[in-house]
Q: 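Please see the structure below; I have some questions.
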Amino acid sequence: MRAQEAGRRAVAVRRRLMFAGFAAALALVTAGCSNDVAGEPRGVNIGPLTTAEATSQALTDFAEAAAVRYTGSLVAADGAELTVDLTATLTGEVSGGITIDALPATVLYVGKTLYLKANTNFWSGMVARFGVTSGDGSALANRWVKLPTSLIGVEFGEIFTPDVVAQTAGKVTKQTADLGLRHNAEESIAGVDAYAIEVDGGTVYFATTQPHGVLRFDLDKLGSGENTAVTSALLDVTDVSPNVVAIYQSLNKAAAGLGTAVDALTGIQQGAHRFDKCGAPSCTLIVDIKNTAKSAVRVHLRANWTGDGTKLGGCESKIGPVAPGASSKISCRITSAQWKSFYQKANSVPGTHPYGAQWSALVLAEPPDVADLKTWAAAKPAAADDHKTDGTHAVYEISASGTPWKYGVVPNRYWRDHANDQRRACMADSRSACTVSRVTVADDPVSAHALATKLIADYVSEHDGCPAGQWVSCTK
């Protein structure tokens, strides 16, 4: 009997030792076993994350976002104070609103090119600063204008990309790095309790509750360009990844309207103007121009007409390319109902009936390369196929005891190391063994994120809540 009992005990010990070996391979099992000391094997509990570990996981989650909304303030490279309300994608597109020294403008950054749209007051206030070529700036009002990012002092396509922001924040610098999160100061960000953690780049604020989603960055400097790096960046952040396809559709639609965007830094010489063939149906404005640039340009004419002090409507046209040094003419014709009514009145009511047009002839900007935008705007969720290994972006899953703990999207070339680095957070949270797997590999980042969003939505539908470790596409 004792021999049988000893045999069973030996088997039990061997089983424990085999599990202990499995735990060592995982490195972070919450309740593993140890045989370092003589006697019966005992459980080893994995404690909560340290401040450094929790901050690293929060920034890892943020860097994976497909799209983020930023609201806050910063100081441009030239010292101008900006406020921002912008949405940025993982591929570097940016759209939304800014103010520069309290003057508002709309921003569109696509095809690695910056465009601004603003009213007359903005351009009148910015003419000297930007050095544009259109007089007092009124000709630029309410139209897209291409400008170098160096003139604004902000590299929009770089500094708002989620992974760049996370990298800029850097690692924890405080003495609490190796201590638990409870040792850090707490604040309230938009009504959410948050830890304030000092990092290499400034301070990062993330929620006190799992999964510790980032709420705010307060960074000393953001960006690498000498003329485009910003300082004092105080930015509240919101994950908008679930809307990523709609965001790209909106960007693609906006980009399609850049056909008449002007290049304010390239000028043409505008000469005499005259009216021609003005009658009941229409009236034509003709403007003489000369291309003084060193390359061929396309030119856009826009005119706003008045008669008897009343607005009659407008007309516009474009010509080109006009060769360097060449002279040409550009014209547009008004055919509005208001013009026809004015002309009838002028011919039936005695007296003088003055009419005219306020016009501008500006160089058109070359359209940006937005072929990728069209592809991403039409993206569908990638198919879940764990046998597919070729493509650019991997969709991965981290599971705790077989239950999804988090879904993520990263470049395929390093997905496994990236996912494995997060197992410590999974195990500390779930107190169980955590595994990683690749769901599929997509041919573009947007279809990958679309699949991840679908998987998360399916999980929420089934479990009435997000996966425990999910921040992207499931902000808590």
Side-chain angles (χ1 to χ4, degrees), residues 52 54-70 72 74 84 86-95 109-110 112 149 154-172 197 199-206 211-225 228-230 233 235-244 247-248 251 372 376 391-396 398 406-422 425 441-442 444-450 452-453 469-475:
T55 304
S56 176
Q57 184 62 44
L59 292 175
T60 293
D61 291 338
F62 182 83
E64 289 184 9
V68 173
R69 182 183 178 188
Y70 298 88
L74 52 85
V84 301
L86 301 170
T87 297
T89 68
L90 79 163
T91 50
E93 292 76 24
V94 179
S95 61
Y109 186 89
V110 293
K112 299 182 179 180
T149 55
V154 180
E155 185 55 71
F156 289 90
E158 176 193 9
I159 69 169
F160 293 109
T161 306
D163 62 342
V164 171
V165 176
Q167 291 172 23
T168 301
K171 297 181 179 180
V172 175
I197 310 296
V199 290
D200 292 333
T203 305
V204 60
Y205 300 80
F206 57 77
H212 304 306
V214 176
L215 300 169
R216 173 180 290 174
F217 290 97
D218 187 354
L219 301 177
D220 303 325
K221 182 179 179 181
L222 192 54
S224 58
T228 55
V230 304
L235 302 168
D236 288 354
V237 297
T238 306
D239 174 56
V240 290
S241 297
N243 305 320
V244 64
I247 290 170
Y248 278 106
L251 288 167
D372 286 338
W376 297 332
T392 61
H393 285 74
V395 181
Y396 69 86
I398 302 176
K406 175 190 173 181
Y407 293 101
V409 175
V410 291
N412 186 38
R413 64 184 181 277
Y414 58 77
W415 81 269
R416 187 177 297 278
D417 289 342
H418 180 83
N420 276 329
D421 288 344
Q422 300 175 68
V441 181
D444 68 86
V446 183
S447 60
H449 275 282
T453 298
Q470 195 72 48
W471 182 75
V472 173
S473 291
C474 207
T475 306

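Side-chain atoms are counted along with the backbone in the values below, which use heavy atoms only and exclude waters and symmetry mates.
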Q: Determine, stepwise, if the pair Val154 / Leu74 fulfils side chain to side chain contact (heavy atoms under 4.5 Å, CB included).
A: CA-CA 10 Å; Val154 180; Leu74 52 85; 4.3 Å; yes

Q: For the backbone of Gln57 and the side chain of Gln422, can you confirm whether one donor and one acceptor N or O come within less than 3.5 Å of each other?
A: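 No: the side chain of Gln422 does not pair with the backbone of Gln57.
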
Q: Where do Ala66 and Val244 come nearest, in terms of heavy atoms and distance?
A: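 Smallest interatomic distance, heavy atoms only, reads CB-CG2, 3.8 Å.
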
Q: So, for Val110 and Glu93, which heavy atoms are closest and what is the spacing to 0.1 Å?
A: CG1-CG, 4.2 Å

Q: Any side-chain heavy atom of Tyr109 sitting closer than 4.5 Å to one from Glu155?
A: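 SC-SC contact between Tyr109 and Glu155 confirmed.
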
Q: Quick one, Trp415 with His393, criterion side chain to side chain contact (heavy atoms under 4.5 Å, CB included). Give me CA distance, side-chain angles, the key distance, then yes/no.
A: CA-CA 8 Å; Trp415 81 269; His393 285 74; over 6 Å; no

Q: Suppose we screen for ring-ring contact (aromatic ring centres under 6.0 Å, His included). Which residues come up paired with Phe156, at least two apart in sequence or across chains?
A: none

Q: Rounded at 0.5 Å granularity, tell me how far CG in Asp372 sits from CG in Leu251.
A: 12.5 Å

Q: Can any side-chain N or O of Thr228 pair as donor or acceptor with the backbone N or O of Ser224 at less than 3.5 Å?
A: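 Not confirmed, Thr228 side chain does not pair with Ser224 backbone.
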
Q: According to salt bridge (Lys or Arg N to Asp or Glu O under 4.0 Å), does anything in residues 214-225 pair up with another residue at least two apart or in another chain? List the pairs.
A: Arg216-Asp236

Q: Provide the closest heavy-atom pair for Lys406 versus Tyr396 in the form atom of the first, atom of the second, distance.
A: NZ-OH, 3.3 Å

Q: Any side-chain heavy atom of Thr55 within less than 4.5 Å of one from Phe206?
A: yes

Q: Restricting to non-hydrogen atoms, name the atom on Asn412 and the atom on Ala394 that form the minimum distance, rounded to 0.1 Å.
A: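 Taking every non-hydrogen atom into account, OD1-CB, 3.6 Å.
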
Q: What do the steps show when you test Thr91 against Tyr248 for side chain to side chain donor-acceptor pair (under 3.5 Å), and what is the final call?
A: CA-CA 10 Å; Thr91 50; Tyr248 278 106; 2.5 Å; yes

Q: If you measure from CG on Leu235 to CG on Leu222, what distance do you get to the nearest 0.5 Å?
A: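 Going from the CG atom of Leu235 to the CG atom of Leu222 covers 7.0 Å.
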
Q: Working to the nearest 0.5 angstrom, can you tell me the gap between Ser473 OG and His449 NE2?
A: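 The distance works out to 7.5 Å.
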
Q: Does some side-chain heavy atom of Asp239 sit less than 4.5 Å from a side-chain heavy atom of Asp61?
A: no

Q: Let me see the working for Leu219 and Val165 under side chain to side chain contact (heavy atoms under 4.5 Å, CB included), right down to the final yes or no.
A: CA-CA 9 Å; Leu219 301 177; Val165 176; 4.2 Å; yes

Q: Between Thr161 and Gly92, what is the shortest heavy-atom contact and its length?
A: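 Heavy atoms only, the tightest pair is OG1-CA, 4.0 Å.
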
Q: Hey, could you give me the NZ/CD distance between Lys112 and Glu158, rounded to the nearest 0.5 Å?
A: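 Rounded to the nearest 0.5 Å, the NZ-CD separation comes out at 12.0 Å.
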
Q: Would you say the ring centers of Phe217 and Phe62 fall short of 6.0 Å from each other?
A: yes

Q: What pair of heavy atoms forms the shortest contact from Ala452 to Val395, and how long is it?
A: CB-CG1, 4.4 Å

Q: When rounded to the nearest 0.5 angstrom, what distance separates OG in Ser241 from CH2 in Trp471?
A: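 Here the rounded value is 7.0 Å.
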
Q: Mind checking the CD1-CZ spacing from Ile247 to Arg69? Nearest 0.5 Å is all I need.
A: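 Reported value, rounded in 0.5 Å steps: 11.0 Å.
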
